[in-house]
Amino acid sequence: MTSTSAAAIIAARIEAAVARLHPGETGGLDTVARPSEHADAQVNVALALAKRLGKNPREVAEQIARSVEVVGVCRSVEVAGPGFLNITFDDAFLGEKLREMASGESLGLRQAAVTETVVVDYSAPNVAKEMHVGHLRSTIIGDALVRMLTAVGHRVVRENHIGDWGTPFGMLIEHLVDLGEAGASRELSVGDLDAFYKEARKKFDASEQFQDRARKRVVALQAGDADTLRLWNLLVAESARYFAQVYEKLDVLLKHSDLRGESTYNHLLAAVVERLRAAGLLQQDDEAEVVFPPGFTNRENQPLPLIIRKKDGGYNYATSDLACVIDRVENIGATLLVYVVGAPQAQHLAMVESVAASAGWLKPPARMEHVAFGSVLGSDRKMLRSRSGDAVKLVELLDEAVQRAEASIREKNPELDPAVRSVVAHQIGIGAVKYSDLSNDRVKDYVFDWERMLSFDGNTAPYLQYAHARICSIFRKAGEKRSAVRDVRPLVAHQAERALALSLLQFDTVVHDAIDRFSPHRLCTYLYELSSRYTAFYEHCPVLKADGDVRQSRLALCDLTARVLEHGLGMLGIGAPEQM
RNA sequence: GCGUUCGUAGCUCAAUGGAUAGAGCAUCUGACUUCGGAUCAGAGGGUUGGGGGUUCGAGUCCCUCCGAGCGCGCCA
């Protein structure tokens, strides 16, 4: 049922005109109709075309404007500036496009041209360690990407690559033994993982005897000693339960079944080594087995190796990352491997990608995509830390968000039913934290600021949620069912209606653009603009006070706006309450 | 040292190589017996870190310098 978008229609018409006027010149030309400040849309094709033809761009543009077939689509196509084509759509045409958009569940959102299996690797906390702000961005951005990719029809596989293996487990297990299993699981179940880890660390640093025990325990763990594995499992299980609580609080999709700890790949590591050896990529270097991907150098400008097997015979994370690639491509059948991992890992991932490609494990169309992100900063512009200088615990941060939201609602809408209030406070508080993260260009650092993210003004989640809640309020007052206005063709008459209509019709383009660039902030910016235009419409175009067709038309615009907001926020993992 | 990311209004941030670089906050002016004012309309505020280059056109691409963060072999 997907209908062709207004922008796509005009682009095709322009392209046809160009083909008529300049046969054989359409290849590689940009006929895309873009949003414009000076018209409903603008097409810039004449500038590049004129360059190619060696003609005056304004003349080329005017020829196109005269020739383009736009009856029933555009009110006008005008030339402006050096040769821009300014498009103004026909009101009825816009109304019809809105009606088409409203008539389906998808709101005009196209399915991906090629359906892919996408593995999204994100969150990745460590077993027996507290989740902290360091996990916030990966978890939130990863969750949004999963929802967005799913929305356009991809098969999305979530993978939470938790740190459940390695030398620290010697010390952690010994600490567990010291506490006794009952005592340890009590401590772990209250979620005080930080204290558990720190105590273990402290003992390890202070006592050679403890270090010795820890080392022996690591050997036993790697050797598959049954009792050691049982204790290890205890740690993993308690942590997994704890992670699940945090994810529920954060309202992200990650579930227990998405856990794929490093240990999952243990039995594949030897095969990685063998396959690299068979491919002739493996080299011996300072007693370690390594691969030298081309183009990577160290401080001394010497080739930089990816260490596959350490000189003590152990494997490290590069090896398990390679095993992951093999698993994802060969077993899961993924063609897109998304890594939602901090920017500092860029070189490591580039090396893994290079080696995987050289080994033939990552053949096009299969590819890796590092969705890198910057740090969360405090108001001092340094990495966000608690007052004591430790990493800020994620649960404490989330609890504070909900608490602040609740206080704010209590003050601004005291009549709201307390039971509703607590649900809404969660949606607003968590939504604010997520939105403040997602609305910034992910590759940059961003400043964490409670006041700003919870403000009802500006580009914030509460502002968008408020716009949505107001629309719901209108329908409650109207005594009209939302679904009753979905076959109405809205009248696009008032300037504010027109601005809103144009925004609504951009939904599909924006979502795909955000997905293509793995940039949720583009969707945020769009939703904010949509909300701003809606509130302007709300001020200038009375809905309930209007009569007949105008009232129906405006109700239809309200309903469609609310649906886009709800779906858009939904793809960001943010709830859209009906009242707040 | 090499690599990499970043530098845009007082502050926080936008801007597929396209017109006069846009928002919000803050500041100032207006609008209410409100379809939820938790709002709207408007104003002031910029050499896009500096300098070169490519281009019909550069915040965006290239080079260089300055500044900040991060990474640079057996942790993950």
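In what follows, chains carry the letters A, B, and so on, assigned in the order in which the sequence lines appear, proteins first and then strands, with residues in each chain numbered from 1.
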message = I want to check one thing: is the phosphate of B:A76, taken as OP1 and OP2, less than 4.0 Å away from some side-chain N or O of A:Lys129?
response = no
request  = Using only heavy-atom distances, decide whether a donor-acceptor pair under 3.5 angstrom links the side-chain of A:Gln42 to the base of B:A19.
outcome  = yes
query = Tell me: OH of A:Tyr526 to C1' of B:G24, nearest whole Å?
reply = 20 Å
key: A:Asn298 atom CG, neighbour heavy-atom count above 12 within 6.0 Å   = yes
key: Closest nucleotide among B:U12, B:A38, B:G18 to the A:Asn413 side chain   = B:A38
task = Measure the distance from CZ on A:Phe169 to P on B:A76 and round it to the nearest whole Å.
result = 11 Å
inquiry  = Using whole Å, what does the distance between atom C1' of nucleotide B:G18 and atom CG of A:Leu29 come to?
reply    = 15 Å
Least distance between heavy atoms, A:Asn160 atom then A:Ser123 atom = OD1-CB, 3.7 Å
request  = For nucleotides B:G10 and B:G49, find the distance between their P atoms and express it as a whole number of Å.
outcome  = 13 Å
Gap in Å between the two C1' atoms, one belonging to B:A19 and one to B:A58, rounded = 14 Å
task = Assess whether one donor atom and one acceptor atom, taken from the side chain of A:Asp286 and the base of B:C74, lie less than 3.5 Å apart.
result = yes
ask   = Within the distance-only criterion (no hydrogens, no angle test), does the side chain of A:Ser408 pair as donor or acceptor with the backbone N or O of A:Arg404 below 3.5 angstrom?
value = no
B:A76 base / A:Asp164 side chain donor-acceptor hit below 3.5 Å = no
message = I want to check one thing: is the phosphate of B:G7, taken as OP1 and OP2, less than 4.0 Å away from some side-chain N or O of A:Lys444?
response = yes
Rounded C1' spacing from B:U48 to B:C61 in Å = 16 Å
ask   = Looking only at N and O atoms, is any donor in the side chain of A:Tyr317 or the base of B:A76 less than 3.5 Å from an acceptor on the other one?
value = yes
inquiry  = Counting only side-chain nitrogens and oxygens, does A:Tyr463 get under 4.0 Å of the OP1 or OP2 atom of B:C40?
reply    = yes
inquiry  = If you assign each of A:Ser532 and A:Gly166 to its closest nucleotide in RNA chain B, which residue comes earlier from the 5' end?
reply    = A:Ser532
query = So, is the end of the A:Arg482 side chain (NZ or CZ) under 6.0 Å from the ring centre of A:Phe475 and within 45° of the ring's axis?
reply = yes
